[in-house]
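One structure is given below, encoded as structure tokens.
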Number of protein chains: 2
Amino acid sequence: MTERLVKAFLKPIQKEEGLNISGGKRGRITIHEVASAAGVSISTASKALNDTGRMGAETRERVKRIAGEIGYRPNALARGLLSKRSFTIGLLTNDTYGRFTLPVMAGISDALVDHGVSVFLCAIEDDPALAQIHVDAMLDKQVDGIIATGKRLDRRLPVDLSNLHVPVVYAFTEGTQNSVTFRSDDEQGARLAVEWLATIGRRRIAHITGPGDFFSVRERAGAYHQVAGHREPVLYGVWSESWGHEAVEQLWKRPGEKPDALFCGNDQIARGAVDALRERGVKVPQDVSVIGFDNWEIVAAQTRPPLTTVDMELKELGRQAGLTVLALAEGRPVEPGVRKLPCRLVIRRSCGGRTPPE
Amino acid sequence: MTERLVKAFLKPIQKEEGLNISGGKRGRITIHEVASAAGVSISTASKALNDTGRMGAETRERVKRIAGEIGYRPNALARGLLSKRSFTIGLLTNDTYGRFTLPVMAGISDALVDHGVSVFLCAIEDDPALAQIHVDAMLDKQVDGIIATGKRLDRRLPVDLSNLHVPVVYAFTEGTQNSVTFRSDDEQGARLAVEWLATIGRRRIAHITGPGDFFSVRERAGAYHQVAGHREPVLYGVWSESWGHEAVEQLWKRPGEKPDALFCGNDQIARGAVDALRERGVKVPQDVSVIGFDNWEIVAAQTRPPLTTVDMELKELGRQAGLTVLALAEGRPVEPGVRKLPCRLVIRRSCGGRTPPE
DNA sequence: GTCAAGTGAGAAAAGGTTTTCTCATACAAT
DNA sequence: ATTGTATGAGAAAACCTTTTCTCACTTGAC
């Protein structure tokens, strides 16, 4: 006991001198300091702090207490070097606006922060070279996994992630063979919307949507046809307010009965449509119900009246993607395949019917 | 020579066996593999790759070539452990929408990717506990620095970053004493807007803006008064379209001459104002010029007519913040203080006058 | 033919942590 | 009194790089 104590008291002094001479960063507390202060060896300190190994309860407690007192925090780099886990993942996105990335990111972070995992965000703007640089940088930093996300379900990121030696999960972007991919169930979301319009008594439901080469446009239109039948046309265009505006002009210029509901491909189109209807003196929701898609707050909530719309639950999508990449990183088995997450109907005022609780 | 060569040829075999026995992750190529393949020692390999030390040109080239061929990439964790630089920084934000964070992030990333630096993004929603967790996680991971950003110039993040042992830079959020802070020059931006309205011949310029307790609101209003005089009132409200709408109602209900220009505190207010004017049959920009603030594409570009507005150059702000935190991390001296970055006028159609090049 | 200087390359330590192995002590059982 | 078995704790190796120090060899000069 005496010998050990003497060593313990001797050590800090040597250490201090060593530090001063080397001129290294002062104040960085390592497990060395903890061991010295507690009068134990480094290995004992480590085992005490990690609740591993055999040792007296009193010793363990003392080490823990002292570590807390002097503010010891283990160096994740050193730990990662040994354990091959950096508790770090990369999020790769080509969505510059952040419309889709931010909710996904929030979900990922939310799910992983409890596990001590931090997230590198890399925004590549469809630039393959930039993407490669970011991927390489992340791999060098030994990320435990990568989540790829984008702004479109049916497009790949401009970089090949298929043969990395870290797990990759795709969220809201096209994945590779045998990968795990999370996406929204646009078909179900569209059905939700059209069924809601039917529920509140609408019969002549038109569909104004984006470009027909978007996979999600086709899926939503498919569900629309299935539920609403073919009584009203589908108008394909672009993802902008002005298209929504123009589409309403087209519809109302046609002879014959007008639609009593508009199912729009996204909130921007819906907003344009609502504006056009107001300008024509058509009352929303009294005369016509309008429903959007995306639940992009900044658009949906600022429309007059606020838009009833379909939320793709991107945060939940991110959460699941995060947990999945973590599982893969820890070697737990995960079934490959595409997982569709259900959408949710957000009821505001643009449809009439039940109004939301305020 | 002979001896050395024999050793070199012997080594890879031992190493291979070692790897297989240990069962460590296969395929991870370390400098060991490079050295073996090139028939040199680890130290020589390292020096060759880093262009340091003395050695024959032929040897250096051979090592480099082989490293490239077998796809060697140095482990950043190991390197960081030694060099005390992780080539990693943290970006802390309380801006959930990403309106401000994303451009700033893009600028930071843009500036730092060339230096091999990756960025941890941590979105804390004004939750002090969550903020602390994220900061601790980043410090554990030995970030070289932290950039704090937010959605408001005159508010602090809910976490104290003042006594960290890594450099901290503030961008678009209130900093601490003796820190480096980057912010937009809202006064200059407002002057730009009002002067432009004057240039195109407007004389009765009203100012519709956000809540008066915002620092930037007061700065913009100050510049407005300075340039436009006090002929028209300043209407304080909230940052929403509906307030812009309502403010126009108020202005046009008043007796007497109406304004011929509206300087709005942000693009959402401007959009609401434009909509209200259209509904009243007032022509924009023929009768009234409207100018916004923020250049938030999704709002400014979708307004009819598209908004002339003031851009705060947040990407440039992020770029400078990134370079600054890097300089601090490398020990280069940086003068503390608040740096105001100039805003830029973006001319679209809502003001008339010179129209933008299409 | 000896010495000095220069050149090329390897050995070893360091960075902070975890983990395995070994050792010393104490105690119970024979 | 001797052996056997827990128990507590330390020594050392490992993770992958970089850097400093040292060593062996060559060359040119005297």
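Lettering follows sequence order; numbering is per chain, from 1.
Looking at heavy-atom distances under 4.0 Å, B/R85 makes no contact with the nucleic acid at all.
A donor-acceptor contact under 3.5 angstrom links the side-chain atoms of B/K47 to the base of C/dG10. The base of D/dA11 is paired with the side chain of A/S43 by a donor and an acceptor separated by under 3.5 Å.
When distances are taken from the side chain of B/L82 to each of C/dG16, C/dT18, D/dT18, the shortest belongs to D/dT18. Distances from the side chain of B/T44 to the nucleotides C/dA9, C/dG16, D/dT17 place C/dA9 closest. Nearest nucleotide to the A/K84 side chain, out of C/dT18, D/dC16, D/dT19: D/dC16.
Between A/E69 and A/R65, at least one side-chain N (NZ, or NE/NH1/NH2) sits under 4.0 Å from a carboxylate O, which counts as a salt bridge.
Phosphate proximity of C/dT18 to A/N50: present, with a side-chain N or O under 4.0 Å from OP1 or OP2.
Remark on DNA chain D: of its neighbouring residues B/R79 and B/R54, the 5'-side contact belongs to B/R79, judged by nearest-heavy-atom nucleotide. Heavy-atom nearest nucleotides on DNA chain C were determined for B/T59 and for A/A76, and the one closer to the 5' end corresponds to B/T59. If you find the closest nucleotide of DNA chain D to B/Y72 and to B/G53, the one lying nearer the 5' end belongs to B/Y72.
Defined by atom type and a distance below 3.5 Å, a donor-acceptor pair is present between the side-chain atoms of A/T30 and A/E33. Between the side chains of A/K141 and A/T88, not a single donor N or O lies within less than 3.5 Å of an accepting N or O.
Side chains of B/E330 and B/R85 form a contact here, defined as non-hydrogen atoms less than 4.5 Å apart.
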